[in-house]
Amino acid sequence: MIYVDNAATTKIDSDVLAGMMPYLRENYGNASSIYSFGQKAHKAIEVARNQFAEALNVQSNEIIFASCGSEGNTWAIQGVAQLMQSKGQHIITSAIEHHSVLNACRTLQAQGYNVTYLPVDCYGMVAPKDVEKAIRPETILISIMYANNEIGTIQPLKDIADIVHNHGILVHTDAVQAVGHIPVDIKDLNVDLLTASAHKFHGPKGVGIIYTKNGIVLPPLISGGHQEGGRRGGTENTAGIVGAGLAIQKSMHELPNMADNLRVLSAHLISRIREELPIIKLNGHHVQRLPGIVSLSLPNMDGEALLLQLDLKDICVSTGSACNSGQLDPSHVLLATGIPIELANGTIRISFGKYNTLDEINPIVDAICTAYKKSNRC
Ligand code: PLP
């Protein structure tokens, strides 16, 4: 199998898995129990919290563990809305956010909040001046993703945060695709809230990581026990959190080399496919982009059919479409960049990870070309 859908999820790193196992089998105590068996689990969670604090350049008490990136985004947006409702009810986000952000905003709209969805340019970039223009006296939050999951474009987040902070407004970023893939220094980025997800950087599924700057106390999304300092109820997923901590630590160590390797793989794929199919369009920004995501649009091609042809050859990729009530809708991200619906429907996303190798490129290119030629009878 050639797995090139690492933006969807990644294979767990074997060191990470090995580090988790004792917390599933031997040290399975409840981290909230006060006897020492439970405290072993508690200590392991605090180690993971420190690993994230160090990797992201924040204080460890600013890191909260949850179940996934979607929960983190929902909590950050709805939590700020609830916390700041007496100040105002206006939120600014972008048209290309992940559905967990868009749906959290839509839920708030149904409750009477106003949301501005900023447009992007043809590279999927939000203009900082558009953010400033959209600010109103009642604006309470700006939520702009750090890097896009479909086209890989990296936003000018620091510029946006600097502008927004001049107006005394909070900034949240969905950094699910960025953390573990590009350096993320939260102090330098100047954001107030950030979301990450362990399964995107070779950690386990089921662990979301949320940074909230000291002083911002969001009402819990899940109220229950006093876990996570009363900020997120639910028995801690000790093994998952331990794995997440190990995964971020390892990613930080591997990041410079890994990013270089991913860039080489992406560049090789793009040049090989352009040789064979010059009509292909590369989506996203050409420089400000994640090293491993390549979004390609093929005219006169159905992305879903292409995906299935690749699947027959054991190659895993994504399309630029989202399944909605059994129907395929063209991606809101691609449409926001201004590409026509037909081209959006003919899009696939290839996303490399640290286990991919250069010798996988030719079979991918060959499979795409064969499927394209078959479909276009050339
Ligand atoms: N945000 C982005 C940009 C994503 O790509 C994803 C997952 O694909 C999420 C949020 C949701 O993360 P999770 O799968 O951990 O809920």
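Every number for a ligand or one of its atoms is a count from 1 in the order of the listing. Because only heavy atoms are used, hydrogens play no part in the values below, and waters and symmetry mates are left out as well, while side chains stay in.
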Inset, instruction - State the atoms of ligand 1, each with its element, that fall below the 4.0 Å cut-off from a heavy-atom position in N73. - result: 1 (N), 10 (C)
Inset, instruction - Tell me yes or no: between the side chains of S94 and E97, is some donor less than 3.5 Å from an acceptor? - result: yes
Legend entry - Q111, CD: over 12 other non-hydrogen atoms inside 6.0 angstrom: yes
Legend entry - E71, portion touching ligand 1 at heavy-atom distance under 4.0 Å: neither
Inset, instruction - Answer yes when E132 and K129 have at least one side-chain N-carboxylate O distance shorter than 4.0 Å, and no when they do not. - result: no
Inset, instruction - Starting from atom 13 (P) of ligand 1, locate the nearest protein heavy atom and write down its residue, its atom name and how far away it is, to 0.1 Å. - result: G69 N, 3.5 Å
Inset, instruction - Select one of side chain, backbone, both or neither to describe which atoms of T9 lie under 4.0 Å from any atom of ligand 1, heavy atoms only. - result: neither
Legend entry - Contact atoms of ligand 1, heavy-atom distance to N149 under 4.0 Å: 3 (C), 5 (O)
Inset, instruction - Check the pair N57 / D188 against side chain to side chain contact (heavy atoms under 4.5 Å, CB included), numbers first and verdict last. - result: CA-CA 9 Å; N57 190 23; D188 182 53; 5.9 Å; no
Legend entry - Protein heavy-atom partner closest to atom 3 (C) of ligand 1 - residue, atom, separation in Å: D174 OD2, 3.4 Å
Inset, instruction - Among all protein heavy atoms, pick the one closest to atom 5 (O) of ligand 1 and tell me residue, atom and distance. - result: Q177 NE2, 2.8 Å
Legend entry - Short N-O contact, K354 and D13, less than 4.0 angstrom: yes
Legend entry - Residue pair Y355 / H202, side-chain heavy-atom distance below 4.5 Å: yes
Inset, instruction - Have a look at ligand 1 and work out which part of S197, if any, has a heavy atom under 4.0 Å from it: side chain, backbone, both or neither. - result: side chain
Legend entry - Minimum-distance protein heavy atom relative to atom 14 (O) of ligand 1: H199 NE2, 3.0 Å
Inset, instruction - Return yes if a side-chain donor-acceptor contact under 3.5 Å exists between S67 and N237, otherwise no. - result: no
Legend entry - H172 and S143: side chain donor to acceptor below 3.5 Å: yes
Inset, instruction - Around atom 4 (C) of ligand 1, find the nearest protein heavy atom and jot down its residue, atom name and distance. - result: H98 CD2, 3.4 Å
Inset, instruction - Report yes if the side chains of T238 and N27 come closer than 4.5 Å at any heavy-atom pair, otherwise no. - result: no
Legend entry - Protein residue, atom and distance nearest to atom 16 (O) of ligand 1, heavy-atom basis: S70 OG, 2.7 Å
Legend entry - Which of the ligand 1 atoms, numbered from 1, are nearer than 4.0 Å to a heavy atom of M145: 3 (C)
Inset, instruction - Among all protein heavy atoms, pick the one closest to atom 8 (O) of ligand 1 and tell me residue, atom and distance. - result: K200 NZ, 2.6 Å
